[in-house]
Amino acid sequence: MIMKRSLNLCVAILFGATLAMASSMAFAGIVLSDDFSSPDGPLEGTTPDISTGNWTETASAATPIQIASGAALVKSSGQDEFAAFTTSVPNVAGNGIKTSLDINVSAAQATGDYFSHLSNPAGTTFNFYQRLFARSATGGFQLGLVDTSGTGSTTTWGTTVLSLNAPYHVDVNWNFIAGGNNDAFTVSVDSLPYLAHTWTSVTAEPAQLAAGNLRQGSASNAPTLAVDNLVVSTIPIPEPTTLVASLIGLVSFAFRRRRV
């Protein structure tokens, strides 16, 4: 009876330890997260759910980005705001960084402009990477992506036309590849592939990334949209299946010991 209780206690401890490990490892993969649940008002000065510090402007604007009804309202007044990652993400071959956000675009312009990007260092006014664009198209709008600015820089546009005033979940995966000027990006919309982009600029990839940014461009080019549930995380993130397999192995070991 004592042995049985000891084994049961062992299994319970292992189970709890594995769940704790799963929670901490998943949390560790996120370097920035914000559901914009702060009271309605300016985004600047609010604290993301996961970050280092507050949202801070990198360029002033007559109409700063606002939080309204649990979303960040990105308009066309020419303001950038950044939130620093909990830790900088190094550009290491075989790894990457994933940016997820929910968007609802109410207006877009023919030329288009970017409304989200990553940066290094935090607070820089020109080292902007992974620029996510929106432009108008017949029947709605299209998303585009460019690695950064500089000679050769070319935006890749998706061909699928998305609807205005409709919610979409967007994932941008930046895959770090050994060598220079060859990192790769993929964009999916509602979990469906939307576009793929390979580094085009003669400007080399940054050694690391330090912040997430929202941007209000010029009135002639910039889209108007609501952004929610912004999450930036490192790749790879520990897979749940790996953690479950570990738990099963630990429990199986305990029961084998019990039968001996």
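Residue numbers run from 1 in the order of the sequence given.
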Subject >> Student check: side-chain heavy atoms of Ile103 and Phe115 closer than 4.5 Å >> reply: yes

Original post:
Same cluster for Val227 and Val31 if Ile/Leu/Val/Met/Phe/Trp/Tyr side chains link at under 4.5 Å?
Top reply: yes

Original post:
Do you know the tightest heavy-atom contact between Leu73 and Ala226?
Top reply: CD2-CB, 3.9 Å

Can you give each donor-acceptor pair under 3.5 Å made by side-chain atoms of residues 173-193, sequence neighbours left out, with the distance rounded to 0.1 Å?
unit_1: Trp174; atom_1: NE1; unit_2: Asp183; atom_2: OD2; d: 2.9
unit_1: Asn181; atom_1: ND2; unit_2: Ser201; atom_2: O; d: 2.9
unit_1: Asn181; atom_1: ND2; unit_2: Val202; atom_2: O; d: 3.3
unit_1: Asn181; atom_1: ND2; unit_2: Thr203; atom_2: O; d: 3.3
unit_1: Asn182; atom_1: ND2; unit_2: Ala178; atom_2: O; d: 2.9
unit_1: Asp183; atom_1: OD1; unit_2: Ile177; atom_2: N; d: 2.9
unit_1: Asp183; atom_1: OD2; unit_2: Asn91; atom_2: ND2; d: 3.0
unit_1: Asp190; atom_1: OD1; unit_2: His169; atom_2: N; d: 2.9

**OP:** Determine, step by step, whether Ile30 and Val231 satisfy the side-chain contact (heavy atoms from CB on, under 4.5 Å) criterion, reporting the C-alpha distance in whole Å, the side-chain angles of both residues, the deciding distance to 0.1 Å, and the verdict.
**Re:** CA-CA 7 Å; Ile30 298 175; Val231 178; 4.1 Å; yes

Subject >> Trp55 reachable from Tyr114 in the ILVMFWY side-chain graph, under 4.5 Å edges >> reply: no

Original post:
What pairs with Asn54 under side chain to side chain donor-acceptor pair (under 3.5 Å), at least two apart in sequence or on another chain?
Top reply: Thr47

**OP:** Begin from the C-alpha positions of Thr234 and Asn95 and carry the test side-chain contact (heavy atoms from CB on, under 4.5 Å) through to its verdict.
**Re:** CA-CA 8 Å; Thr234 57; Asn95 294 339; over 6 Å; no

Original post:
Out of curiosity, does Val170 fall in the hydrophobic cluster containing Leu118 (side-chain heavy atoms, cut-off under 4.5 Å, transitive links)?
Top reply: yes

Subject >> Side chains of Ile50 and Thr86 in contact at under 4.5 Å (non-hydrogen atoms) >> reply: yes

Original post:
Under 3.5 Å, is there a donor-acceptor pair between the side chain of Asp49 and the main chain of Asp35?
Top reply: yes

Original post:
Do Thr148 side-chain atoms and Phe128 backbone N/O form a donor-acceptor pair below 3.5 Å?
Top reply: yes

Original post:
Would a 4.5 Å heavy-atom cut-off, applied to side chains only, mark Gln109 and Ser218 as touching?
Top reply: no

Original post:
How would you list, by chain and number, every residue that makes a side chain to side chain donor-acceptor pair (under 3.5 Å) with Thr125, sequence neighbours excluded?
Top reply: none

Original post:
Is there side-chain contact between Leu162 and Val105, with at least one heavy-atom pair below 4.5 Å?
Top reply: no

**OP:** Kindly write out the residues that satisfy side chain to side chain donor-acceptor pair (under 3.5 Å) with Asn221, not counting sequence neighbours, or none if the list is empty.
**Re:** none

Original post:
Given the rule in the side-chain contact (heavy atoms from CB on, under 4.5 Å) test, do Leu132 and Thr99 qualify, once you have shown the distances and angles that lead to the verdict?
Top reply: CA-CA 10 Å; Leu132 183 63; Thr99 304; over 6 Å; no

Subject >> Value rounded to 0.5 Å, distance of CG in Asn120 from CD in Glu205 >> reply: 13.0 Å

**OP:** For Glu57, enumerate each residue passing the side chain to side chain donor-acceptor pair (under 3.5 Å) test, keeping only those at least two apart in sequence or located in another chain.
**Re:** Gln79

Subject >> Full working for side-chain contact (heavy atoms from CB on, under 4.5 Å) between Leu143 and Tyr168 >> reply: CA-CA 11 Å; Leu143 293 175; Tyr168 293 101; over 6 Å; no

Subject >> side-chain hydrogen bond (donor to acceptor under 3.5 Å, both in side chains) pairs, two or more places apart, involving residues 152-164 >> reply: Thr156-His197

**OP:** Mind jotting down which residue pairs meet the salt bridge (charged side-chain N to carboxylate O under 4.0 Å, His left out) criterion with at least one end in residues 64-84? Sequence neighbours excluded, please.
**Re:** Asp80-Arg215

Subject >> Pairwise side-chain contact, Val161 with Gln142, heavy-atom cut-off 4.5 Å (strictly under) >> reply: yes

Original post:
Do you know which two heavy atoms are closest between Phe141 and Ala108, and how far apart they sit?
Top reply: CB-CB, 4.1 Å

**OP:** Enter the distance from Thr56:OG1 to Glu44:CD here, rounded to the nearest 0.5 Å.
**Re:** 6.5 Å

Subject >> Where at least one partner belongs to residues 138-162, residue pairs that pass salt bridge (charged side-chain N to carboxylate O under 4.0 Å, His left out), sequence neighbours excluded >> reply: none

**OP:** Identify the heavy atoms of Val172 and Gln130 that sit nearest to each other, and give their distance.
**Re:** CG1-CD, 3.5 Å

Subject >> Taking every non-hydrogen atom, the tightest pair across Leu164 and Ala107 >> reply: CD2-N, 4.1 Å

Compile the donor-acceptor pairs under 3.5 Å between side chains in residues 63-72 and protein atoms, sequence neighbours left out, one pair per line.
unit_1: Gln66; atom_1: NE2; unit_2: Pro64; atom_2: O; d: 3.3

**OP:** May I ask you to test the Asn104-Pro167 pair for a side-chain heavy-atom distance under 4.5 Å?
**Re:** yes

Original post:
Counting only N and O atoms by type, is there a donor-acceptor contact under 3.5 Å from the side chain of Thr224 to the main-chain atoms of Ser106?
Top reply: no

Subject >> Under the side chain to side chain contact (heavy atoms under 4.5 Å, CB included) test, residues paired with Pro90 that sit two or more places apart >> reply: Val92

**OP:** Could you note down all residue pairs passing salt bridge (charged side-chain N to carboxylate O under 4.0 Å, His left out) where residues 160-175 supplies at least one of them, sequence neighbours left out?
**Re:** none

**OP:** Answer whether the closest heavy-atom distance between the side chains of Pro48 and Leu32 falls below 4.5 Å.
**Re:** yes

Original post:
Which heavy-atom pair separates Ala211 from Ala84 by the least distance, and what is that distance?
Top reply: CB-CA, 4.0 Å

**OP:** Could you note down all residue pairs passing ring pair (Phe, Tyr, Trp, His ring centres under 6.0 Å) where residues 66-101 supplies at least one of them, sequence neighbours left out?
**Re:** none

Subject >> Nearest heavy-atom neighbours spanning Gly217 and Asp113 >> reply: CA-OD2, 3.7 Å

Subject >> Under 3.5 Å: donor-acceptor pair, side chain of Asn213, backbone of His117 >> reply: yes

Original post:
Hey, is the main chain of Asn127 close enough, under 3.5 Å, to the side chain of Ser119 for a donor-acceptor pair?
Top reply: no

Original post:
Are Trp199 and Val146 joined in one hydrophobic group, where the rule is that I, L, V, M, F, W and Y side chains link up if heavy atoms are under 4.5 Å apart?
Top reply: no

**OP:** Would you check if the side chain of Thr124 reaches a backbone N or O of Pro121 as a donor-acceptor pair within less than 3.5 Å?
**Re:** no

